[in-house]
Amino acid sequence: MSEQVDDTPIDRGGYDFNAMQAKWRPVWEKLDPFKAKDDGSAERRYALTMFSYPSGDLHMGHGEVFALHDVLARYWFQQGYDVMNPIGWDSFGLPAENAAIKRNEHPATYTYANIETQAESIRRYALSFDWSRRLHTSDPEYYKWTQWLFLQFFERDLAYRKASYVNWCPHDQTVLANEQVVQGRCERCGHEVTKRELTQWYFKTTAYAQRLLDDMDQLQWPEEILLMQRNWIGRSEGAFASFQVEGRDEPIKVFTTRPDTLFGATFMVVAPDAKLAEELVTPEQREAFDEYLKAVKASTEIERLSTEREKTGVFLGSYAVNPVTGERIQIWAADYVLADYGTGAIMAVPGQDTRDWEFAEKFGLPIVRTVQPEEGFDGKAYTGEGPAINSANAEISLDGLPIDEAKTKVIDWLQDKQLGERTINYRLRDWLLSRQRYWGAPIPIIHCPSCGEVPVPEDQLPVELPDLRGAALQPKGVSPLASVREWVEVACPKCGGDAERDTDTMDTFVDSSWYFLRYCSPGYTEGAFDRDAVDRWMPTYQYVGGKEHAVLHLLYARFFTKALHDMGLLNATEPFTRLLNQGQVINEGKAMSKSLGNGVNLGDQLDEFGVDAIRLTMVFAGPPDDDIDWADLSPGGSLRFLQRAWRLAGSVESAVGVDFSAGDLALRKLTHRTVADASELIDSYRFNVMVARVMELVNATRKAIDSGPGAADPAVREATEAVAILLSLVAPYTAEDMWENLGHQPTVAKAGWPTVDPALLVEDSVTCVVQIAGKVKDRLEVAPDISEADLEKLALDSEAVQKALDGRGVRKVIVRAPKLVNIVPA
RNA sequence: GCCAGAGUGGUGGAACGGCAGACACGCCGGCUUUAGGUGCCGGUGCCCUCGGGCGUGCGGGUUCAAGUCCCGCCUCUGGCACCA
């Protein structure tokens, strides 16, 4: 069987999206209407969308985020703001490197070819970007300043090197930051993450933990994202408590959020991979400990994180003394205690902690309840509220106190005895920034045997990447740069002796932590950015991008901005004032993927339906933060609507500049109401409803032409011009064509937002709903300023009401003039 | 396990505590057309004895009035996951 393919062009009543796209693109490129003026002639507004990673051409996700972002940017252009809406590429990173290995070429070849492909697609997509500010993070002119900024952090001890057990991706052969480990897997490639002990570079993000929390109240971000950041930072209030150890001078400090349970601390646990464990293990227990440590190191993060897993551990042979009970307690090592949280050691309180209970039960350690469980409690560890019990010695008694009071009392006592202190602990850890890969900005440090870590002098920046390609980029656990001896070996800038460059590159999230600052003064050569320009534009008014960056880019960028502020480099303390997270584009209920074969190609969609119809489909699909399922949508319907709207422009018979005030009042009112509502809807990101309102206006205008006041009525021109301007935010080609057909010069993008006449927003009659016991019985047309008394009388006199009451008396009448009356019958 | 968010027609989705289902998609009927993947007109929550009755995941509550607020469940999605 063969299928007949009808390739006759569909008659779209003269609407030809291909012709429009071909016609208007060069006109706009010549006019260049979206270049930021930055001359003080209008209020500045910085509109930012997350820049793109150049792996292949644009996909459906780009189509959505760009379409949504452009509604906002174009709206502000229409409103007369001096909008800066820049575009660039986050062009360092692993995919380019992996492609280069496969193709035996330089990562730059793949990277810059994809950038050109994407740039062409973005231009076709008709976005209101200021191309003059374009940047690529892999350009030496850019990463020179990434390196310079790193050195600013280094000089202030905000970048430092330390040895630690770090997250290691065996597939990508590089370390990862905590934020890049998602459910025990590599954020990039999905492989299980293991641990390695390595000396690596860190940014001291923890120094900003509290301010990252405090300043959240300045941000108009989705509550969900703020919450994720709050949880990630993980502030907990508690206390340190010191435990003396037999045969050791220095006591062990533990962090606890439950100092009230100190009397129940029946043993102590340290992280096996913490230094402390090594110090506390006795010769008798050495063999058992070494074996345990080996097993722990071999386990993946996924195994380790599983809460289902039975507790494991080993007795270290050492004993500590509980400071309040004086009991001698065993010290164990177990991997349920984390080396890098708190002090890497805990007091175990099995009576009140589930994990400690499990551990005590398994290894036969003592359990003491120090909080009285509720009546009927028959579980194991009791974590609920209750009065303290078994918590008294000769000097202090907590017995009978509720948890809060017991905490305060015991902390005061500990502080008095110099056995502990009140403290706050954070879950956030420092940002590990070294990567053992090639395609990134080299860390500009020289390691000298006599001088230590020496910064590369500023006049020698950038430290450029040596030319490596193909197999030379193969990951092998150390950076490919390490093999380039002529690049590695340098004279120490301080003493002139033999020294070596740091061979790691920076996490690409460093590049993206300041690109929004570079946009303010592109091409600036005196520094990373021109301070005046940054202070004029920052903070960005609006940021649009995906929520997958909640605790990655969005947290790092906040940290960078605060640190640079403290360095005196800029005024802003937060990078992004308003944040919109768009949802994902999925297909048939699932994320698009090659293996599922459910991918939809953006380019194909644009070929079939045109840019405007696809943009409109994305915007109209639903609230921007919801995921949209392409299978549920109808680009064909969007296209039909655009044709209907477009045909209005060809129908208008009145002349340019006609006095609208003579036009049909009902249509004029609808036009002004629509424009006024559209502003509110855009400000609150309800673009789908905004589009629905434009559809209503189009339908009403069509009706006015066909069966109302007619095509020559000035109100029809007013409405159609408003439609063109409103549509210019979503469907720029169609809008521009309408604008021309209406007799105007390009570009509609700068036509200006229609002025709303407040007098036309006033209704001269309102439909009042009359209910009996909450059920609608009648509708009355009333004046908007009708008095409550008049309205009540009118409602009670209504025939329908009298009939429905059927002789029953009236108990109560609620009047909400002029919209509603509710009568409660007796 | 903990923390968020969400459950509304056949579908995507609208609804300051005040007419549930705007606007679309789809479907049904009609007109135009040689034809339709075009255009136009009408219909479309469910039940009905054509009076009306019932309807926003389930069960309660507050209120003159609840999709919306409160309490308790259920389901789904997302985040975190031994953080002491």
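Every heavy atom of this structure was used, including side-chain atoms; hydrogens, water molecules and symmetry mates were not. Being a predicted model, the structure only gives us computed values, none of them experimental. Lettering follows sequence order; numbering is per chain, from 1.
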Would A:Arg230 and A:Glu223 pass as an ion pair if we require N to O under 4.0 Å? yes
What's the gap between B:C73 and B:A66 when it is taken at their P atoms, as a whole Å value? 24 Å
Would the number of heavy atoms belonging to other residues, nucleotides or ligands and lying under 6.0 Å from NZ of A:Lys362 be above 12? yes
side-chain N/O A:Tyr341 vs B:A84 OP1/OP2, d < 4.0 Å: yes
Over all heavy atoms of both residues, which pair between A:Ala345 and A:Val270 is shortest? Give the atoms and the distance, please. CB-CG1, 3.6 Å
Less than 4.0 angstrom between a side-chain N/O of A:Arg640 and OP1 or OP2 of B:C40, yes or no? no
Is it the case that over 12 heavy atoms from other parts of the model lie below 6.0 angstrom from the CD atom of A:Glu361? yes
Check whether more than 12 heavy atoms from other residues, nucleotides or ligands sit under 6.0 Å from atom CD of A:Glu781, and answer yes or no. yes
Say we look at B:C3 and B:U11: how far apart would their C1' atoms be, to the nearest angstrom? 32 Å
Which glycosidic conformation, syn or anti, is assigned to B:G9 if syn requires a torsion within 90° of zero? syn
Where RNA chain B forms runs of at least three Watson-Crick or G-U pairs (i with j, i+1 with j-1, under 3.5 Å), the stems are B:1-7 with B:74-80, B:10-12 with B:23-25, B:26-31 with B:39-44, B:45-47 with B:52-54, B:57-61 with B:69-73
May I ask you to evaluate whether A:Ser634 reaches the phosphate of B:G12, defined as a side-chain N or O under 4.0 Å from OP1 or OP2? no
Nearest-Å distance once atom P is located in both B:C70 and B:G7: 14 Å
Which residue lies more 5' along RNA chain B, comparing A:Asp706 with A:Ile628 via nearest heavy atoms: A:Ile628
If I pick the P atom on B:G13 and the same atom on B:U77, what distance separates them, to the nearest angstrom? 16 Å
Considering just the side-chain nitrogens and oxygens of A:Asn231, establish if one lies under 4.0 Å of OP1 or OP2 belonging to B:A81. no
Under 4.0 angstrom, heavy atoms only, what part of the nucleic acid is A:Ser236 near: base, sugar-phosphate, or nothing? sugar-phosphate
On a whole-Å scale, what distance lies between the P atoms belonging to B:U75 and B:A24? 38 Å
A:Lys669, NZ atom: more than 12 neighbouring heavy atoms under 6.0 Å: yes
Show the distances under 3.5 angstrom between N or O atoms of the protein and N or O atoms of nucleotides 60-66 of chain B.
unit_1 : atom_1 : unit_2   : atom_2 : d
B:C64  : OP1    : A:Lys812 : NZ     : 3.3
B:C64  : O2'    : A:Asn822 : ND2    : 3.4
B:C64  : O2     : A:Asn822 : ND2    : 2.6

Sticking with atom C1', work out how far B:C54 lies from B:G67, rounded to a whole angstrom. 16 Å
Of A:Ile346 and A:Glu223, the one whose closest nucleotide on RNA chain B sits nearer the 5' end is A:Glu223
When you measure from the side-chain N and O atoms of A:Arg427 to the phosphate of B:A81, is any distance below 4.0 Å, counting only OP1 and OP2? yes
Taking side chain as C-beta onward, heavy atoms only, is A:Arg647 less than 4.5 Å from A:Tyr15? no
Please list each protein N or O that sits under 3.5 Å from an N or O in nucleotides 14-17 of chain B, with the distance.
unit_1 : atom_1 : unit_2   : atom_2 : d
B:A14  : OP1    : A:Asn688 : ND2    : 3.2
B:A15  : OP1    : A:Arg686 : NH1    : 3.0

Is any side-chain heavy atom of A:Asp260 closer than 4.5 Å to a side-chain heavy atom of A:Ile411? no
Say we look at B:C23 and B:G9: how far apart would their C1' atoms be, to the nearest angstrom? 15 Å
Are A:Phe255 and A:Thr423 packed together at the side-chain level, in the sense that at least one heavy-atom pair is separated by less than 4.5 angstrom? yes
How far apart are the closest heavy atoms of A:Tyr426 and A:Leu213, and which atoms are they? CE2-CD1, 4.1 Å
